[in-house]
Amino acid sequence: MDSVIALIDCQAFYVSCERVFDPALRGRPTVVLSNNDGCIIARSASVKAAGVPMGAPVFKWRDELEAMDAAVLSSNYALYADLSRRVTAVLETMSIDLERYSIDECFVTLPALDRDALRALGERIRRRVRDWVGIPVRVAIGPTKSLAKIADEKAKADKRAGDGTGVYVCPPEPDLDVLLYRTDVGDVWGIGPSYEETLREHGVTTAAEFRALPDPWIRSTMTVVGLRLARELRGQRCLDLDLVGPDRQSLVRSRSFGAPVEAKAELRQALAKHAQRAAEKLREEDLVARGISAFITTKTHGPPPHYADEAQATLDEHTAAAPPFVRSSRRLLDAIYRAGPAYRKAGVMLYAIRPRRPHQGSLFGRPVQDDEALMQAVDRINGTMGRGTIGVAAAGLPGDRDWTMTRDNTSQHYTTRWDELPVARA
DNA sequence: TCTGGGGTCCTAGGACCC
DNA sequence: TCTGGGGTCCTAGGACCC
């Protein structure tokens with residue numbers, strides 16, 4: 001093999017982003033919350049060490065966080081997305097090929113050097129991202145994506161011990177087998193709770209035992225996905241780098257409500273807002289969609305009643321204009337709404353997505369160009385004067401009560417809004 | 001009282017076609 | 001009594017990821 005794969009993983013990414021701009025947070029225990037300030041979705045090392053789990057509802061950990069004097073921040077996705085882009089821009093100056101896997105991880109290919117040289121290269125990557133963007137990253141290297149993921153787990157573990165370098169290179173066989181024997185099968189990338197349970201029932205508890213299973217058994221129990229995984233752990237490359245990024249299949253906009261909602265009119269407005277935002281996102285990505293589904297749900301935890309339903313519709317033609325999706329969301333709500341329950345969340349999903357091409361008007365109805373010109377004007381105004389300045393009336397007016405979200409403690413948009421740039425004082 | 005918001009891929013089964 | 005053998009497309013649901 002003339003190349004290896006490195007996983008570049010930003011450490012406690014959201015927390016690190018906040019620390020770039022607020023030095024007072026460095027060294028202070030910090031968590032970042034999900035939308036609506038519900039769950040803990042990023043934790044500094046000290047908070048992790050205190051046993052606060054990922055995804056935990058914040059209300060269960062208030063006391064512990066207070067005792068640690070932890071900073072509790074609402075999420076600021078515009079900031080994180082921007083810094084993520086800067087991290088990949090730095091990597092592009094150094095690596096051969098790059099796949100952006102998620103907001104805080106990417107895969108790159110590196111030349112197949114010996115272990116020491118790879119470690120040194122990993123260090124250089126790490127240093128450059130830290131110096132140029134201010135975000136600490138781990139670099140985990142292996143012959144395949146799945147083994148790079150294993151290496152990342154190992155690097156994380158080293159970090160916890162306190163003296164890890166943040167760079168880990170998979171050893172060759174037979175040391176690799178030893179490493180995999182020490183890796184819990186549930187910690188393998190792609191093996192979730194359900195497969196883990198099945199495997200344990202068959203006496204398989206380590207990654208090494210998993211990759212040694214017979215192919216037909218894996219295939220029939222875990223589909224080809226499982227088989228690819230096992231082969232990757234054997235060093236056989238089955239998952240290629242997705243260089244251009246896959247074409248989008250679907251697009252979801254949804255939010256939990258700050259407080260329960262019963263009124264149909266409010267659900268209608270929420271769905272209209274989501275439909276409008278989803279269409280805006282389509283236009284940003286130069287896509288059009290034809291399918292829409294709308295869903296509403298009550299709480300899903302705790303004692304019943306729980307209620308959730310969803311309905312779908314197909315538009316006459318592909319479009320990225322807001323009005324057809326908004327109209328459709330209203331009809332879909334009529335189909336699924338039941339009076340009575342207190343709803344906690346609503347959203348829309350667009351599907352049947354493809355790239356926008358000119359002149360895709362249908363034989364029926366208004367020509368698309370009208371909508372297109374209108375939407376261009378809308379985007380221009382919102383681009384200049386701020387998101388939400390104008391939009392369909394069904395989505396509510398800018399001055400309306402913002403019932404959609406609780407966000408008590410958001411940092412500034414340091415890098416994406418002129419009026420919130422950091423200020424340097426001499 | 002308070003539990004996120006995105007995504008992807010795979011399979012089975014039904015409808016429909018010749 | 002006997003009742004083909006392919007295809008394709010679509011959808012629902014399950015599994016996983018960050």
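Owing to the predicted nature of the structure, the values given are computational and were not obtained by experimental measurement. Labels below follow one simple rule: chain letters A, B, ... track the order of the sequence lines, proteins then strands, and each chain is numbered from 1.
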Length of the CG-C1' vector between A:L229 and B:dC9, whole Å:
13 Å

Taking OP1 and OP2 of B:dT3, is either one under 4.0 Å from a side-chain nitrogen or oxygen of A:R344?
yes

From the list B:dT8, B:dT11, C:dC16, which nucleotide is the closest neighbour of the side chain of A:R248?
B:dT8

May I ask you to verify if any side-chain N or O of A:S254 is less than 4.0 angstrom from the OP1 or OP2 atom of B:dG6?
yes

Is any side-chain N or O of A:K345 closer than 4.0 Å to OP1 or OP2 of B:dG6?
no

Taking the side chain as C-beta and beyond, is there a heavy-atom pair between A:F295 and A:D309 under 4.5 Å?
no

Could you state the CZ-P distance from A:F295 to C:dA12, rounded to the nearest angstrom?
15 Å

A:I41 or A:T223, whichever maps to the more 5' nucleotide of DNA chain B:
A:I41

So what does A:Q312 touch, heavy atoms closer than 4.0 Å: a base, only the sugar-phosphate, or nothing?
sugar-phosphate

Go through B:dG6, B:dT3, B:dC9 for me and flag the one nearest to the A:K60 side chain.
B:dT3

If you look at every strand shown and take non-hydrogen atoms under 4.0 Å, does A:V188 touch a base, only sugar-phosphate, or nothing?
sugar-phosphate

Using the six-membered ring wherever Trp is involved, compare the ring planes of A:Y414 and A:F21 and label them parallel, tilted or perpendicular (cut-offs 30° and 60°).
parallel

Return the nearest nucleotide to the side chain of A:R253; candidates are B:dG7, C:dC18, B:dG5.
B:dG7

Hey, is the side chain of A:R219 poking within less than 4.0 Å of OP1 or OP2 on B:dT11, counting only N and O atoms?
yes

Between atom CZ in A:R255 and atom P in B:dT3, what is the gap in whole Å?
15 Å

Check every strand shown and say whether A:L251 touches a base, only sugar-phosphate, or nothing at a heavy-atom separation below 4.0 Å.
sugar-phosphate

Quick one: is A:R228 getting a side-chain N or O under 4.0 Å of the B:dC9 phosphate, OP1 or OP2?
no

On the nucleotide B:dG5, are OP1 or OP2 found under 4.0 Å from the side-chain N or O atoms that A:S256 carries?
yes

Are the charged groups of A:D82 and A:R85 less than 4.0 angstrom apart, N to O?
yes

From the list B:dC9, B:dG5, B:dC2, which nucleotide is the closest neighbour of the side chain of A:F59?
B:dC2

Which one, C:dC18, B:dC9, B:dT11, comes nearest to the side chain of A:V224?
B:dT11

Under 3.5 Å, is there a donor-acceptor pair linking the side chains of A:R100 and A:S84?
yes

Using a 4.0 Å heavy-atom cut-off across all strands, classify A:I191 as base, sugar-phosphate, or nothing.
sugar-phosphate

Between A:F13 (CZ) and C:dC18 (P), how many Å, whole number?
15 Å

Pick base, sugar-phosphate or nothing for A:K281, based on heavy-atom distances below 4.0 Å to the nucleic acid.
nothing

The side chain of A:W189 is closest to which nucleotide in this list: B:dC10, C:dC16, C:dC18?
C:dC18

Taken to the nearest whole Å, CG/A:L287 to P/B:dG7 is 11 Å

Any side-chain N or O of A:S250 below 4.0 angstrom from OP1/OP2 of B:dT8?
yes

Among the nucleotides B:dT11, C:dC18, B:dT8, which one has an atom lying closest to any side-chain atom of A:E105?
C:dC18

I need the CG-C1' distance between A:L239 and B:dC9, as an integer number of Å.
11 Å

Atom-pair distance (OH on A:Y195; C1' on C:dC17), nearest Å
13 Å

So if I take every side-chain heavy atom of A:C39 and compare against B:dT3, C:dC17, B:dG6, which nucleotide ends up nearest?
B:dT3

Going by the angle between their ring planes, with limits at 30° and 60°, are A:F107 and A:W189 parallel, tilted or perpendicular?
tilted

Is A:S34 near enough to B:dG5 that one of its side-chain N or O atoms lies under 4.0 angstrom from OP1 or OP2?
no

Nearest-nucleotide check on DNA chain B, A:V225 vs A:G55; residue mapping nearer the 5' end is A:G55

For A:S46 and A:S44, which I'm curious about, is there any donor-acceptor pair between the side chains at under 3.5 Å?
yes

Rounded distance (Å) that lies between atom P of C:dC10 and atom CZ of A:R290:
11 Å

Searching all strands shown, indicate the nucleotide that pairs with C:dC9 (Watson-Crick or G-U wobble; both distances under 3.5 Å).
B:dG14

Quick one: are A:L65 and A:V47 in side-chain contact, heavy atoms under 4.5 Å?
yes

